[in-house]
Amino acid sequence: MKRLALSLAMIFLSLMLCNAQYDKDVFSFRGRLALSENRYADAISQFNILARLDSTDCWTFFYRGIAKYNLGDLRGAQSDFDNSVRLNPVFTNGYHYRAITLSRSGKYDEALENLETAISLRPGLDGLYYSRGVTYFLSQQFDKAVVDFDRYITKEPKDPSAYLNRGASYLFLNDTTKALEDYNRAIKLDRFDPEGFVRRGRLYAEMKDYPSAIADMDKAITLDTTNTFAYFNRAIMFYESNDYNSAMRDLDRVLVDEPGNALTLYNRSLIHAQVGNFEEALADMDHVININPDNVLAYFNRASFFCEMGRWLDALDDYDKAIELYPDFAKAYLNRSYVKNMLGRNKSSKQDYDIAQKKVKEYRDKNATDEGSFADTTKKYSSLLALDADFAKKGFENELLQNRDINIRLKPLFKFALSSSRDNMNYALRHRYENPLIDMFISDSPVSMAVTNADSLKAPVFEKGIEASIYGDSFLSAGASNSITDADRMFIRGLYSVQSKQYAAALNQFDQAVDASSSGEYAEYYKAFYRLNRGVLRAEMIDFISSIENNVQTLTMDDKGNTRARVRDQVSRTYDYSEAIEDMVEADKLLPGIPYVQFNLGNLYCLSARFVESVESYTKAIALYPYLGDAFYNRGLVLIYLKDKEKGCIDLSRAGELGVADAYSVISKYCEEDKR
């Protein structure tokens, strides 16, 4: 009998092991399939599960690292590649892709060390030389880059990208003939890739051969009518050919897809001014300054528009700002001297003129040692700005990402809300916050509800009215309606009023629920839920008022990765969230340990400019529930705001790993290493 029991146990164990292996294979297949279909967030979800099932498989971390890399999460990718080579010290792919990630982060020496390790493990893997060539290129070792691309091309003579990259290397070695030959070869190998035509067109433009350059851009646009990079470059070429109308059309086309692209707006503004459309020029330059308030050339040129329009005081303000941003800007002093002279401020005008002359002399002395500055009065600061000749970068979006107008909002507050159905999902292999009191409160409710911070929750329809459902007289009724108190019913009425956008009524109903006498075993604890929702409602009513006034405060980050609290119309105003904060604090006292309460406090402290307390509250929320991705996301934004970029970006990486898809667009914008 014992032998039979033992045999049955062994069989059962074998089945469990087989099932576990099957599950791992399924998740691995799903993850790799998602990778191949560029569904990177889905891939991360699958590999997260695999990492929990088996933390010793180097391929799991390797594949997840690739997904993170493609979403722009370089820190997260490097962490996963680190794990892959830690688990398998002879894992060539791990070293290879870690090198690529390090290279993207600007850590070229470390990248080259990893590539050397990978090459020592598999010297016959041609792709390693290609990657090392790119790394040499990015680290400005162009001669070594050419050698590696030569070796790669010897083995892979039909790869057009290798010719494009070797051509770029030749350009930086000032060998335009060989660069042109490589671009021609790349185009011959693949006539349907617009990249070759774009690069060759830019080379023709560098050579002042604008007809050939425009012809190549025409071809690139024919192949890809959405290639805004090609439209932008063709606009510069049209401008240099004195075809302003065509240049303007191309810039307009870029702004259809990239309405917040500061570089394009800047150039269009200058063309408007050149043809005498100063109102349009002002509108575009105002937008540029709104996107990047520290753009000295934007103020300098807008001042010149004001001068043309006779608006001397406005011009004076802009020259003041330009000089404040760049005190060595001699030409701004000269122009301000002229404006002050027009305003009759002769003494101050003479002072500016003398300062300008002094700075010009300083510039000429420095220029002998090849040091330039804005003191150069011979330079035209009203000329169009073109992109740097970095031919290795691919994609207009990446090149101009830093010039976009992007505002980032915190993930919203958590609250109880009515739902069209109860959540009966299977939570296997899914992290879900569990709290017995919250679960019981929801299950006992006569109507379906959920705790959420999403706006996508489908609202129920009460055909017989909310009262019928509250008292269990409707098909939508559920739970144990006889076990709930009058305070619970008032709270549910408040949820219904919120759903109906009757905020004043909802606030009154939440007040009554909070103030009701405690009756029932858990009534006092449930008051924490009433206060949570009342606090959220109070905050949302403030946000609603502020949105009407167009002064919604957001965390806005500029092109240098700096952050600041800013209102849309630049008018400073502070809103009082103290009552909402008080409700959250009281909720925490009544029922400590609810992560949603701490998360909400984090948001409310942030909106009140109490940023250190905000970070502390998010940290408490994460300690209570480590899988609350939105808390990592919000804390990451606040940390970046507080200039702690490294920790902030780590938080954003973790948020992305936990399924917060928005994290990756923020990471790609603000967590790239500064290579300037």
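All residue numbers in this chain count up from 1 along the given sequence. Keep in mind that what you see is a predicted model, and the values were worked out from it rather than measured.
- At least one side-chain heavy atom of F149 sits less than 4.5 Å from a side-chain heavy atom of S169.
- Atoms CG and CG, on D216 and N233 in that order, are 11.5 Å from each other to the nearest 0.5 Å.
- The only option from Y163, Y129, Y130, Y136 that meets the ring-ring contact (aromatic ring centres under 6.0 Å, His included) definition with Y152 turns out to be Y130.
- By the 4.5 Å heavy-atom criterion applied to side chains, D82 and F61 are not counted as neighbours.
- Within the 6.0 Å centre-distance limit, the rings of F172 and F137 are counted as a close aromatic pair.
- Using a 4.5 Å cut-off on side-chain heavy atoms (C-beta onward), F192 and L223 make contact.
- Counting heavy atoms from C-beta outward, K219 and R200 have side chains that stay 4.5 Å or more apart.
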Next on the checklist: Show, in sequence, the C-alpha distance, side-chain angles and deciding distance for T60 and D54, and conclude whether the side-chain contact (heavy atoms from CB on, under 4.5 Å) test is met.
Outcome noted: CA-CA 9 Å; T60 297; D54 182 1; over 6 Å; no
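- Distance alone, capped at 3.5 Å, is enough to place a donor-acceptor pair between the Y95 side chain and the P89 backbone.
- One finds the CD atom of Q141 at 11.0 Å from the OH atom of Y108 (value rounded to the nearest 0.5 Å).
- A donor-acceptor pair is defined here as one N or O able to donate and one able to accept, closer than 3.5 Å; such a pair exists between the side chain of T619 and the backbone of V615.
- Salt bridge R654/E657: present, at least one basic N to carboxylate O contact under 4.0 Å.
- For the pair S79 (side chain) and R75 (backbone), a donor-acceptor distance under 3.5 Å is absent.
- Using modelled atom types, one side-chain atom of S36 and one backbone atom of L33 make a donor-acceptor pair closer than 3.5 Å.
- Under the 3.5 Å distance criterion, the side-chain polar atoms of S55 are left unmatched by any main-chain donor or acceptor of A51.
- The backbone N or O of Y97 lies less than 3.5 Å from a partner atom in the side chain of T101, making a donor-acceptor pair.
- Going from atom CZ of F47 over to atom CZ of R30 covers 12.0 Å, rounded to the nearest 0.5 Å.
- The aromatic ring centroids of F611 and Y641 lie less than 6.0 Å from each other.
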Item to check | F599/S617 under side-chain contact (heavy atoms from CB on, under 4.5 Å): CA gap, chis, key distance, verdict | outcome: CA-CA 6 Å; F599 176 90; S617 291; over 6 Å; no
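- The minimum heavy-atom distance linking I44 with L71 is given by the pair CD1-CD1, 3.8 Å.
- Checked by atom type and distance alone, the side chain of D224 never pairs as donor or acceptor with a backbone atom of P194 at under 3.5 Å.
- By the 6.0 Å contact criterion, CG on D109 is open, its count of non-hydrogen atoms from other residues, nucleotides or ligands being 12 or less.
- Every residue two or more places apart in sequence or in another chain was checked for a side-chain hydrogen bond (donor to acceptor under 3.5 Å, both in side chains) with D644, and none qualifies.
- The six-membered or imidazole ring of Y625 lies near that of Y433, with a centre-to-centre distance under 6.0 Å.
- At distances below 3.5 Å, at least one donor-acceptor pair connects side-chain atoms of T222 with backbone N or O atoms of D218.
- Of the residues listed (N603, L601, D651), the one engaging Y618 in a side chain to side chain contact (heavy atoms under 4.5 Å, CB included) is N603, and it is the only one.
- Taken from CG in L112 to OG1 in T135, the straight-line distance is 5.5 Å, to the nearest 0.5 Å.
- Here the shortest heavy-atom pairing between A43 and G31 reads CB-O, 3.6 Å.
- Closest approach of K24 to L50, counting heavy atoms only: O-CD2, 3.5 Å.
- Looking at Y40, its side chain never comes within 3.5 Å of a backbone N or O of K68 through a donor-acceptor pair.
- Closest approach of I640 and C649 over heavy atoms only: CD1-SG, 4.2 Å.
- Side chains of I594 and L624 form no contact here, defined as non-hydrogen atoms less than 4.5 Å apart.
- One finds the CD1 atom of I100 at 8.5 Å from the CG atom of L128 (value rounded to the nearest 0.5 Å).
- A salt bridge links K411 with D662: the distance from a Lys NZ or Arg NE/NH1/NH2 to an Asp or Glu carboxylate oxygen falls below 4.0 Å.
- Considering only heavy atoms from C-beta on, L637 comes within 4.5 Å of V666 through its side chain.
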Checklist entry - Can you check side chain to side chain donor-acceptor pair (under 3.5 Å) on D630 and N453, steps first, answer last? => result CA-CA 9 Å; D630 285 353; N453 69 337; 2.8 Å; yes
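- In this structure, F91 has its ring center under 6.0 Å from that of F62.
- Annotation for L265 and G260: closest pair CD1-C, 4.5 Å, computed over non-hydrogen atoms.
- Between the side chain of S84 and the main chain of F81, a donor-acceptor pair closer than 3.5 Å is present.
- Evaluation of the salt bridge (Lys or Arg N to Asp or Glu O under 4.0 Å) test over residues 163-176, restricted to residues two or more places apart or in two chains, returns D150-R166, R166-D182.
- A salt bridge does not link E181 to R185: none of the charged nitrogens lies less than 4.0 Å from a carboxylate oxygen.
- With no hydrogens or angles considered, a side-chain donor-acceptor pair links S28 and R32 at under 3.5 Å.
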Item to check | Chi angles and distances behind the salt bridge (Lys or Arg N to Asp or Glu O under 4.0 Å) call for E616, K620 | outcome: CA-CA 6 Å; E616 290 173 352; K620 290 178 182 177; 5.8 Å; no
Item to check | Evaluation steps, side chain to side chain donor-acceptor pair (under 3.5 Å), between D73 and S653 | outcome: CA-CA 6 Å; D73 180 6; S653 173; 2.6 Å; yes
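- Taking the side chain as every heavy atom from C-beta outward, L251 and N267 approach each other to under 4.5 Å.
- At most 12 non-hydrogen atoms from other residues, nucleotides or ligands lie less than 6.0 angstrom from CZ of R122.
- The shortest heavy-atom contact between G629 and L658 is CA-CD1, 3.8 Å.
- At most 12 non-hydrogen atoms from other residues, nucleotides or ligands lie less than 6.0 angstrom from CZ of R151.
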Next on the checklist: Set out, in order, the CA-CA distance, both residues' side-chain angles and the distance that settles salt bridge (Lys or Arg N to Asp or Glu O under 4.0 Å) for E110 and R98, then state yes or no.
Outcome noted: CA-CA 9 Å; E110 294 178 53; R98 184 167 70 174; over 6 Å; no
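- Contact annotation: the side chain of Y664 never approaches that of N70 to less than 4.5 Å [non-hydrogen atoms, C-beta and beyond].
- Residue R199 holds its CZ atom at 14.0 Å from CG of L180, rounded to the nearest 0.5 Å.
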